[in-house]
Structure formats: structure tokens, C-alpha cells
**Student:** 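The structure follows.
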Amino acid sequence: MLGWTTRSNQEEHKPGDKLQRRLAQNREAARKSRLRKKAYVQQLESSRLKLAQLEQELEKARHQGAYLGNASNSSRVGFSGTVNPEIAAFEMEYGHWVEEQHKQISELRKALQAHITDIELRILVENGLNHYNNLFRMKADAAKADVFYLISGKWRTSVERFFQWIGGFRPSELLNVLMSQLEPLTDQQHTNVCNLRQSSQQAEDALTQGIDKLQQTLSQSIAADVMGVGGYGQIDAMENLEALEGFVNQADHLRQQTLQHLSQILTMRQAARGLLALGEYFHRLRALSSLWAARPREPT
Amino acid sequence: MEKVLGLASDQGVVIFIKSTCCLCYTVKILFQEIGVDPLVYEIDHDPEGREMEKALAKMGCSSPVPAVFIGGKLLGSTNEVMSLHLSGSLNQMLKPYQTQT
């Protein structure tokens, strides 16, 4: 402000000018600074995402290394220090399954936008349904090898695990995801879908109650005379554990039947849209898991 | 075999189970949800349980228990029950035996 006393009369009559200019410059500088910061943060976010992806790939590569016999650096080492080759094989197959799923979804999306014929669409729909059938077949083999591995959901991403029911997705969740996407339906279709929904829900509830009963029964048999010296009926407990494989198989059977019956109710085009919606939904769950893993965290 | 068939004809809907089998429990719950009150027979508490198990296997039941009979005829085990229910056929078969709608 020292300079003001030496200014001419004219400039003294517009004291606001310099101030306005300075304020404008400040605003501009602040805007540029915010934009730079935004760009920097975005760069950080995408780097973190990439890091999380690389970490996942490294994990995968490590498992594959374990499958090839290099057990020392594997995190899939079993209790006795050995790797379960069937589970390692399942993990590899499942990785391929997800990649193939991704390809099929892209194909479906393109096909639906390009308005291809019903015959061509049928091939895509049948491929899509067969792909799910392949998954259930793979899971059945894995359940025989290690049912606890399957039911733990270790082979899936974190968000998928959150939604998990007896080793996979809920049939009712499947119907909820799809039904909003498939309108308009004819009256007959609507009735059929409602019936399917009810049957599927009843079966799902029955299986849920059955597996709760299994947990209860197992817990009771393990807790028998827990403070005594005699031990408990381990044979009974083992039989209970064996029953788990049956539940996983029935749950997958329910998933498969729900998909199949739904595809029979829908037109070819609706079925194609349904497969696209379902595939995209699961893809988003997986992507969200990666995003979550890469989120910025407070330093401890 | 006769014992199994005899019991199976005793009531409209009969399910042979083992008391420790939780998938049997699942099937029982499902029938209750459909509004049917089946006769549930525990073959592990029957002195002839083992023979009954063999008879059921001979009749073509995929797993000995649960074994579901409707109108005296073998329907099958858990897998068959689930398939028929999802297709809507089970409701049709059970209509004459429903105690509540």
C-alpha cells in the first residue's frame, strides 16, 4: 500500500481495479491448481488400481507355479504341506472360464446392437447356457476334492463372497437381477416367471434351513461332553461333514435349473439380453472388488 | 421290500429318511412349504432299516434317503424332487394331497 501515496489522482479514483485484477489472477491460479491436483489424484487412483491388478496376477502366477510342483512359494499349501492338484487345476480352469465369460458378454452385446437373426442369436444363447453348465461341472469335481475350499469362496472375489450362498450365487438374486431388465413380458410369461420365482425361493429356503440344521447338528455332536475326558463321536461329525458336498451339489443344481427354466420361458432375444445382464452383473461385482482393493487408505 | 411298499401306500405322500440326514430335512421342509404334510418314516430307527435301504436302492432311488413316494409310487430322491418342483410338476402331483393352499 506504500505506493498509493505516489499515485496520480486518476488512479486513486479507481482503487478497485488493481484489487479486482489480483482477485481474478488468484481465482485463475486456484482453478489451475485444483485441476492439477485432480489430475494427479486420478493418476494415483489408476496406479493403485493397476497395482492391485498386478498383485492379483502375481497371486495367480504363484498358484500356477505351485501346480507345476513348486510348492515352497505357494499360498495354496494344504495342512500337510502338500498342494491339492485338483484344486489348483480348478483355479486355473476357473480363470479361463472367467476370461471366456468376458468374451461371450462382449459378443452378446455386439450381436444385440447389430440386430442379428434369431438363429445366430440361438447359438450365442446356447453357448452362454452351456458355459454356465461347464462351471457347475467344474464345481462338482472341486467339491469332491475339497468341499470347504469351494464353500469358502476363496476362488471368487471379495464382493462376490459377500453375496455368496452355499458356494455360489443365490437363485433368487439371479431372478431379481434379470427380471427388471427383461420387461416387457407377456401375461403368460409373467405367470410362468412368478411360478418359477416361487418354486426357486421355496427350494432355496428349504436348502438354507437344511444347512442350518447341519451346522446345528454338527455343533451339538462336537460339543457333546466337551469338559469330559471321553472325547466325542468323531465318526458322526465326519458323516455330517460329508453331507456338505450334497448341499453344495443341490445348490448348484438349483442354480442350473433356475437358469434353464428361465431360458425356456423367455424368447431368444430376451434370453440373450438376460445372459448379457447376468454376465455384466457378475463382471461388475468382480471389478468392484478390484476397485475396493485399490482404494486409497489412511497411512497407519 | 414289502415293508417299504406297504408303508408307502399308507398315505398319499410318504418320505423315507434317516434322522441324521439333513438333506432329508430339506425335502421335508420343502413339502411343508408347498402345503403338504407327508408321512416321514425314519428307517435308521427301524430294526429292518438296512434291508429297507437296500430295497429302496433296488427300486432305483438315486440315494437311499430321502426317498419320496406319492400315491404309493416312487418319485425319487432330492435331485428328482428339486427338478420336478422347479418345472412346476411337483405342485400338480401334490395338489390332491395339499392340506393348506
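We name chains A, B, ... by the order of the sequence lines, and we start the count at 1 in each one.
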**Student:** Just wondering, do L262(A) and L175(A) contact through their side chains at under 4.5 Å, heavy atoms?
**Tutor:**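 With C-beta onward as the side chain, the pair touches.
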**Student:** With chain B as the partner, which of I211(A), D205(A), D212(A), T208(A) has the greatest number of non-hydrogen pairs under 4.5 Å?
**Tutor:**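 Of the candidates given, the most pairs with chain B belong to D205(A).
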**Student:** Counting a contact as any heavy-atom pair under 4.5 Å apart, which residues of residues 234-250 of chain A contact chain B?
**Tutor:**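 At a heavy-atom separation under 4.5 Å, chain B is reached by N240(A), G246(A), F247(A), Q250(A).
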**Student:** Using 0.5 Å steps for rounding, measure from the CG atom of D141(A) to the CZ atom of F136(A).
**Tutor:**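 Atom-to-atom, D141(A):CG and F136(A):CZ are 14.0 Å apart.
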**Student:** Could you name the residues of residues 189-200 of chain A that have a heavy atom within less than 4.5 Å of a heavy atom in chain B?
**Tutor:**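 So far as heavy atoms go, L196(A), S199(A), S200(A) are the residues that approach chain B to under 4.5 Å.
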**Student:** For a side-chain contact (heavy atoms from CB on, under 4.5 Å) with F69(B), tell me which candidate from I15(B), L56(B), L39(B), D10(B) qualifies.
**Tutor:**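 Going through I15(B), L56(B), L39(B), D10(B) one by one, the side-chain contact (heavy atoms from CB on, under 4.5 Å) with F69(B) is satisfied by L56(B) alone.
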**Student:** Using non-hydrogen atoms and a 4.5 Å limit, figure out which bit of S87(B) sits close to chain A: side chain, backbone, both or neither.
**Tutor:**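 For S87(B), the contact with chain A is made by backbone and side chain together.
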**Student:** Within a strict 4.5 Å, meaning less than it, do heavy atoms of the L266(A) and L185(A) side chains meet?
**Tutor:** yes
**Student:** Are Q164(A) and F169(A) close enough that some pair of their side-chain heavy atoms sits under 4.5 Å apart?
**Tutor:** no
**Student:** Which one, T78(B), L23(B), T20(B), L30(B), leads in non-hydrogen pairs under 4.5 Å with chain A?
**Tutor:**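 Top option by heavy-atom pairs under 4.5 Å: L23(B).
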**Student:** Contact between S219(A) and Q216(A) at the side-chain level, heavy atoms closer than 4.5 Å - yes or no?
**Tutor:**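 No, too far: nothing below the 4.5 Å cut-off.
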**Student:** Looking at H253(A), Q256(A), Q260(A), which hits side-chain hydrogen bond (donor to acceptor under 3.5 Å, both in side chains) with S83(B)?
**Tutor:**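 Output: one option passes, namely H253(A).
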**Student:** Measure distances from T258(A) to the heavy atoms of chain B and classify the residue's part below 4.5 Å as side chain, backbone, both or neither.
**Tutor:** both
**Student:** In Å, rounded to the nearest 0.5 Å, how long is the span from OH of Y94(A) to CZ of R156(A)?
**Tutor:**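 One finds 6.0 Å between OH of Y94(A) and CZ of R156(A).
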**Student:** If you look at every heavy atom in C61(B) and P64(B), which pair is closest and at what distance?
**Tutor:** SG-O, 4.3 Å
**Student:** Which pair of non-hydrogen atoms, one from G279(A) and one from Q101(A), has the smallest distance, and what is that distance?
**Tutor:** CA-NE2, 3.9 Å
**Student:** Locate the shortest heavy-atom distance separating V81(B) from V68(B); write the atom from each residue and the value.
**Tutor:**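 Heavy atoms of V81(B) and V68(B) come nearest at CG2-CG2, 3.7 Å.
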